[in-house]
Protein chains: 2
Amino acid sequence: MAGRKAAAPDPARSLALLWGSHAKPGRSGLTVRAIVDAAVELADTDGLEALSMRMVAERLKVGTMSLYTHVPGKGELTDLMFDRVYGDLYADPDEPSKQPGGWRGALEFIAQRNWEVLTAHPWIHEVPAARNALGPNITLKYEAELRPLDGLGLSDVEMDSVLALVLTHVLGTARAAAEQLRSQRESGLSDQEWWTGISPTLASVMAGAADRFRLAGRVGTSVGEHFQSAMDPGHALSFGLTRILDGVGLLIAERSAVE
Amino acid sequence: MAGRKAAAPDPARSLALLWGSHAKPGRSGLTVRAIVDAAVELADTDGLEALSMRMVAERLKVGTMSLYTHVPGKGELTDLMFDRVYGDLYADPDEPSKQPGGWRGALEFIAQRNWEVLTAHPWIHEVPAARNALGPNITLKYEAELRPLDGLGLSDVEMDSVLALVLTHVLGTARAAAEQLRSQRESGLSDQEWWTGISPTLASVMAGAADRFRLAGRVGTSVGEHFQSAMDPGHALSFGLTRILDGVGLLIAERSAVE
DNA sequence: AGAGTGTACCGTACATTGTACGGCTCAGGT
DNA sequence: ACCTGAGCCGTACAATGTACGGTACACTCT
């Protein structure tokens, strides 16, 4: 990173901002809300690392340093952005638990919703230390996602673990998808073009020791032909989720058998 | 980010570097190998974003720009670093499949090994577009991790999907763990201190609408008391892995039943 | 109405980054 | 002995986050 020390975001300051009722328009109409909105728009198109305070200020027709009267720094700003887009997932905290299909349907719904935000705002993956952004919206999201898991015989810790497992899967897969997309954008090459571009180099080196790469060659080729790419994010998401939910099902069955 | 355009790493250039046999000491003893080693050491202690070309050069007692005779840029350097630490996991490609416990034991071993690298080199999470770093070491790693999955009745695509599922879980959990650690280092507060620090603020705001945060409060508290923290990476890893392998077990049983 | 005061706003400056560019200095071949 | 090419590097530049100190406005109190 560049610039001055970039002073690690102050958790307490972020918290205050998150929970506070900041609604004081100021004399040129500048608001925390407006700043965060502008920043989110910028990040959606260009990514988090391309987001600069100068850009945000310019978009708002405001001097760069004016932002600092409303937001302590870039770190806290990204915390706010995170809370903004990520804490707005559900209309009400019972939306997931009202889905059909019981806990399984609910978790599938949750995975789907999370997937949607993550693909709409890929910069979320670059937000450091999501711990600081524990605002009201995020907490409400947590509440909503826990509800379908209540009353199944799971302990509190197990409920949290199950949820974390599903969310980690979605997050990790979305991240891989985002990186794939970014590679394509940056290089200007589609996934397929890239593959055919490096394929000869790869093949020539592998040829010397085909037995050492027996499975890697076979499976890699199969996957490439099947998805026209090195990976298919959608397939990875659903395949993984199915296995995970199957495993969770066994746990739940075990717990209710005991009782 | 700062500096000049930072010219997106050239995949072909990275590949050549990765597969090539670069071993020409030059007149001041500077080598690609030495550069990568120095960079890895730096990144291990300070993270990827604190790693600068000037730092690497200084550590090697060399002018900054001399690095550019061996490495095209920072992007390709991180690709090389990635290949270096991540492609060195197994002594030989049969190590995972020789583990006791069949495919399940092998996958547990694989997860463990990956976990170890990721916690030793947390900067791996910050390496962008791991696609470019498809070197010989990485390919060998892929081979080694596929072998225990061969001959179980799974299709090639399924083998890849299962492996990806396990690795995504490990990667995601390790990433969460790394962020937790980084937060602690940066703020100087331990996880527990942080929690007790913001707890009153949280409680006071939640108090106004306790029913809206019914489960979030209860479960969050349980988790906090059980782990003395907002999460326990080790527990998340093993809990998740157990569910995932249970789910994979069902798939494998299904496949062998058909045959 | 007039004066005073706090705060929103912002212009400038600085440290730090990646790397383009052009020059210097050697090792090795002829 | 000289030329050539490559390794090495000093300087310059554009971009970053933000510290600092100044300006100008909205509001309160008399």
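The basis for the numbers below is simple: all heavy atoms, side chains too, and nothing from hydrogens, waters or symmetry mates. Here is the naming used below: chain letters follow the sequence lines, and residue numbers restart at 1 for every chain.
A straight line from CE of Met65(B) to P of dC13(D) spans 15 Å, rounded to a whole angstrom. Counting to the nearest Å, the P atom of dA19(D) and the CG atom of Leu67(A) are 13 Å from each other. Distance Tyr68(A) OH to dC10(C) P: 14 Å, rounded to the nearest Å. For the pair Glu76(A) CD and dG17(D) P, the computed distance is 13 Å after rounding to whole Å. As a whole-Å value, the separation of Met53(A) CE from dT12(C) C1' is 17 Å. Going from atom CG of Leu30(A) over to atom P of dA26(D) covers 15 Å, rounded to whole Å. Put simply, CD on Glu49(A) is 21 Å from P on dT16(C), counting in whole angstrom units. Rounded to an integer number of Å, the gap from CD1 of Ile35(B) to C1' of dC9(D) is 13 Å.
Mapping Leu51(B) and Arg54(A) onto DNA chain C via the closest heavy atom, the residue that lands nearer the 5' end is Arg54(A).
Of the possible donor and acceptor atoms, one in the side chain of Ser52(B) sits under 3.5 Å from a partner among the backbone N and O of Met55(B). Glu76(A) places no side-chain N or O within donor-acceptor distance of the main-chain N or O of Val71(A), the cut-off being under 3.5 Å.
Using a 4.0 Å cut-off, some side-chain N or O of Ser66(B) falls inside it from OP1 or OP2 of dC9(D). Distances shorter than 4.0 Å separate none of the side-chain N or O atoms of Thr64(B) from OP1 or OP2 on dC9(D).
Once rounded to the nearest 0.5 Å, the distance linking CG of Leu77(A) with CE of Met81(A) reads 6.0 Å.
The closest side-chain donor-acceptor pair between Glu116(A) and Gln112(A) falls under 3.5 angstrom.
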